[in-house]
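Reading through the structure tokens given below for one structure.
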Amino acid sequence: MVSTALGVTAATWAVVMAVAPALQIRQMLRRRSSDGLSVGYLLVLVVGFVLWIAYGLASGDLPLVVPNSVAVVVMAATVAVALRFR
């Protein structure tokens, strides 16, 4: 029971973490600048998220696939906004 509750909590928090870069998007849009943001760093994260999605799909682990899929979408949007202001 504790294991299930912890798993649900961790998966939920993973989705929150995946959406967190939207805060950076908000900042860039407000400032009309992407100064101080490393696009290379974001791209490294995107590769990591894609690898976790692949692993999750291969192992049938939906709690890995869902948050990392959300993260890829949000991170791609973050990169797009950052590049727009370069």
Side-chain angles (χ1 to χ4, degrees):
M1 181 100 164
V2 171
S3 174
T4 301
L6 184 57
V8 169
T9 302
T12 301
W13 193 252
V15 172
V16 172
M17 289 171 50
V19 177
L23 298 170
Q24 189 66 50
I25 293 172
R26 187 180 75 182
Q27 282 289 94
M28 288 186 290
L29 292 173
R30 194 180 83 212
R31 292 182 179 175
R32 313 282 305 155
S33 172
S34 62
D35 286 348
L37 184 68
S38 171
V39 174
Y41 169 74
L42 298 178
L43 293 174
V44 167
L45 290 177
V46 168
V47 171
F49 296 139
V50 169
L51 290 171
W52 278 113
I53 292 167
Y55 176 74
L57 289 172
S59 64
D61 193 346
L62 197 59
L64 276 179
V65 174
V66 171
N68 284 292
S69 297
V70 172
V72 165
V73 171
V74 175
M75 200 60 72
T78 306
V79 169
V81 173
L83 292 176
R84 176 178 166 217
F85 290 115
R86 292 282 158 110

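Sequential numbering from 1 along the given sequence is applied to the chain's residues. Just so you know, these numbers use all the heavy atoms, side chains as well, and skip hydrogens, waters and symmetry mates.
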Are [Y] and [X] linked, directly or through intermediate hydrophobic residues, by side-chain heavy-atom contacts shorter than 4.5 Å (ILVMFWY only)?
{"X": "Tyr41", "Y": "Met75", "result": "yes"}
{"X": "Val8", "Y": "Leu62", "result": "no"}
{"X": "Val72", "Y": "Trp13", "result": "no"}
{"X": "Val73", "Y": "Val15", "result": "no"}
{"X": "Met17", "Y": "Leu51", "result": "no"}

When rounded to the nearest 0.5 angstrom, what distance separates [atom1] in [X] from [atom2] in [Y]?
{"X": "Arg31", "Y": "Arg26", "atom1": "CZ", "atom2": "CZ", "result": "11.0 Å"}
{"X": "Trp52", "Y": "Leu45", "atom1": "CH2", "atom2": "CG", "result": "13.5 Å"}
{"X": "Met28", "Y": "Asp35", "atom1": "CE", "atom2": "CG", "result": "11.0 Å"}

Please report the shortest heavy-atom distance between [X] and [Y], naming the atom on each side.
{"X": "Ile53", "Y": "Val65", "value": "O-CG2, 4.0 Å"}
{"X": "Pro63", "Y": "Ala11", "value": "CB-CB, 4.3 Å"}
{"X": "Ile25", "Y": "Val74", "value": "CD1-O, 4.1 Å"}
{"X": "Asn68", "Y": "Leu64", "value": "ND2-O, 2.7 Å"}

Table please: side-chain donor-acceptor pairs of residues 79-86 below 3.5 Å, with sequence neighbours left out.
{"unit_1": "Arg86", "atom_1": "NE", "unit_2": "Ser34", "atom_2": "OG", "d": "2.8"}
{"unit_1": "Arg86", "atom_1": "NH2", "unit_2": "Ser34", "atom_2": "O", "d": "3.2"}
{"unit_1": "Arg86", "atom_1": "NH2", "unit_2": "Leu37", "atom_2": "O", "d": "2.4"}

Partner set under side chain to side chain contact (heavy atoms under 4.5 Å, CB included) for Val44, not counting sequence neighbours: none

